Amino acid sequence: MSPRPRRVTQREIAELAGVSQTTVSVVLNDRDDSNVRVPEATRARVKEAIEQLSYVADPAARRLAGLDNQIIGVFTYEAALSPESMDFYGPLLNGIERAAEQIGCDLLFFTSSPVENGTRSLFHRKTRLRLTDGCVLLGQQMVASELERLVAEQFPFVAIGRRDETAAAVPYVAIDYITPTTALIDQAAADGHQQALYVHRGRDTPTARDRRDTVEGASAAGRLAFLLVGEERIADLPRLARATGATLIIAEDAFLAEDVAYALLGAGVAVPDEISLAALGEVRGHRVEGRSLAGFHVPRQQLATEALDLLQLLITTAPQEWTGLDRERLLVAEVEPGDTIVARTDTPS
């Protein structure tokens with residue numbers, strides 16, 4: 001385990017902030033910012049220096065840093081509240097809110113760090129990470145150096161989703177997509193499907209690879225033959241289906257499945273009578289031609305509860321004892337049969 005960072009003195013804080021040690025002491029002991037002797041700009045410099053130096057050496061500083069304030073931070077590397085992302089993040093954030101209420105904690109949703117080049121920085125100077133007891137991290141891709149810094153500083157945090165950006169021991173709660181993907185493919189094969197297309201987004205994330213590898217494994221084992229197709233070729237799917245004899249198309253997620261259905265129906269291909277359709281993601285609320293889409297139910301509220309439970313465990317356990325904790329938790333998505341996969345009796349043997 002990486003050594004715990006050394007404690008920083010008030011003198012170092014004073015030097016970084018460009019103030020006297022007396023000023024630092026006044027700020028540390030003025031929890032409600034009521035002391036008018038310290039200008040707001042000076043107080044801000046002292047607090048920023050404390051954050052930069054990870055100063056948590058005495059009870060006053062710990063209170064100022066928020067380490068006993070029962071505040072949980074929530075940080076998303078991508079925008080979480082856009083219409084496109086709310087389908088995934090909405091239930092998850094709702095679950096985090098409910099779980100925080102159960103344990104009597106407030107949530108601090110970090111939004112001051114700007115999105116630059118499609119991502120945010122957890123350690124941006126505006127992010128008030130040190131005001132929280134710990135943090136839940138969300139995002140398709142996370143920054144390896146930031147995860148490694150959190151681990152090295154022994155700051156309590158939990159990532160949503162299995163991480164592979166770094167070899168550091170990142171605590172996480174994630175979804176097992178391999179088990180339901182295998183079950184859905186096996187059921188489709190039992191229903192008489194022999195040739196299929198898998199439409200994917202080309203993402204290189206652990207969950208995307210899990211689904212793609214499971215599809216390729218089923219094809220290699222002869223359970224159901226797949227041709228992998230990138231999302232940029234959706235318009236070509238009717239022709240590919242005819243050329244390969246595919247009677248089933250599986251998409252990486254429900255939104256991609258809806259795009260597939262639009263392309264098929266636009267070409268006069270009946271779904272699911274001619275070609276069945278499924279998604280390897282959450283499908284509740286998604287319908288095609290009035291039929292419920294086949295796919296998964298992802299227990300996102302349970303995922304949030306598990307994340308908060310693990311985070312509380314880390315917060316209340318001494319860092320030197322973390323190695324004995326179960327810091328990697330996996331929940332299984334359930335297959336939603338839906339109405340868009342139909343049995344085939346006309347496929348050649």
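All values below come from the heavy atoms of this structure, side chains included, with hydrogens, waters and symmetry mates left out. Being a predicted model, the structure only gives us computed values, none of them experimental.
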Next on the checklist: What I'd like to find out is whether the side chain of Val26 reaches to under 4.5 Å of the side chain of Arg43, using heavy atoms alone.
Outcome noted: no

Next on the checklist: When you compare the side chains of Thr179 and Asp176, does any donor N or O come within less than 3.5 Å of an acceptor on the partner?
Outcome noted: yes

Checklist entry - Would Thr247 and Gln195 satisfy side-chain hydrogen bond (donor to acceptor under 3.5 Å, both in side chains), going step by step from the backbone distance to the final call? => result CA-CA 6 Å; Thr247 58; Gln195 300 288 332; over 6 Å; no

Checklist entry - Distance-only, no hydrogens or angles: does the Ser219 side chain make a donor-acceptor pair with backbone N or O of Val215 under 3.5 Å? => result no

Checklist entry - Does Val170 offer a backbone N or O that forms a donor-acceptor pair with the side chain of Arg163 under 3.5 Å? => result no

Checklist entry - Has the side chain of Ser276 got a donor or acceptor atom that lies under 3.5 Å from a matching backbone atom of Val342? => result yes

Checklist entry - Under a 4.5 Å cut-off applied to non-hydrogen side-chain atoms, are Leu256 and Arg201 in contact? => result yes

Checklist entry - Any idea how Tyr77 and Phe75 line up, ring-wise: parallel (<30°), tilted (30 to 60°), or perpendicular (>60°)? => result perpendicular

Checklist entry - Does the side chain of Val229 come within less than 4.5 Å of Leu237's, by heavy atoms? => result yes

Checklist entry - Is a side-chain N or O of Glu282 found less than 3.5 angstrom from the main chain of Val298, in a donor-acceptor match? => result yes

Checklist entry - Do the non-hydrogen side-chain atoms of Arg233 and Asp236 ever get within less than 4.5 Å of each other? => result yes

Checklist entry - Closest approach of Gly268 and Glu274, non-hydrogen atoms and distance? => result O-OE2, 3.6 Å

Item to check | Close side-chain approach of Ser145 and Phe123, heavy atoms under 4.5 Å | outcome: no

Checklist entry - Within a reach of under 6.0 Å around CZ of Arg11, are more than 12 heavy atoms found that belong to other residues, nucleotides or ligands? => result no

Next on the checklist: Can you tell me which residue among Glu328, Arg327, Arg329 is in a side chain to side chain contact (heavy atoms under 4.5 Å, CB included) with Pro171?
Outcome noted: Arg327

Checklist outcome for this item: Of Arg284, His286, His297, the one forming a side-chain hydrogen bond (donor to acceptor under 3.5 Å, both in side chains) with Glu336 is Arg284

Item to check | Stepwise side-chain contact (heavy atoms from CB on, under 4.5 Å) check, Leu303 with Ile160 | outcome: CA-CA 8 Å; Leu303 190 72; Ile160 299 294; 3.6 Å; yes

Next on the checklist: Is any side-chain heavy atom of Leu277 closer than 4.5 Å to one of Val260?
Outcome noted: yes

Item to check | Closest non-hydrogen atom pair, Ala100 against Leu107 | outcome: CB-CD2, 3.7 Å

Item to check | Within-4.5 Å side-chain heavy-atom neighbours: Ile96 and Ile72 | outcome: no

Next on the checklist: Determine whether a donor-acceptor pair (N or O, by modelled atom type, separation under 3.5 Å) exists between the side chain of Arg211 and the backbone of Glu252.
Outcome noted: yes

Checklist entry - Looking at side-chain heavy atoms only, is the closest gap between Trp322 and Thr317 below 4.5 Å? => result yes

Checklist entry - Minimum heavy-atom separation for Phe255 to Asp253, with atom names? => result N-OD1, 3.1 Å

Item to check | Side-chain donor-acceptor contact under 3.5 Å, Asp133 with Gln70 | outcome: no

Checklist entry - In Å and rounded to the nearest 0.5 Å, what is the OG to CD distance from Ser121 to Glu146? => result 4.0 Å

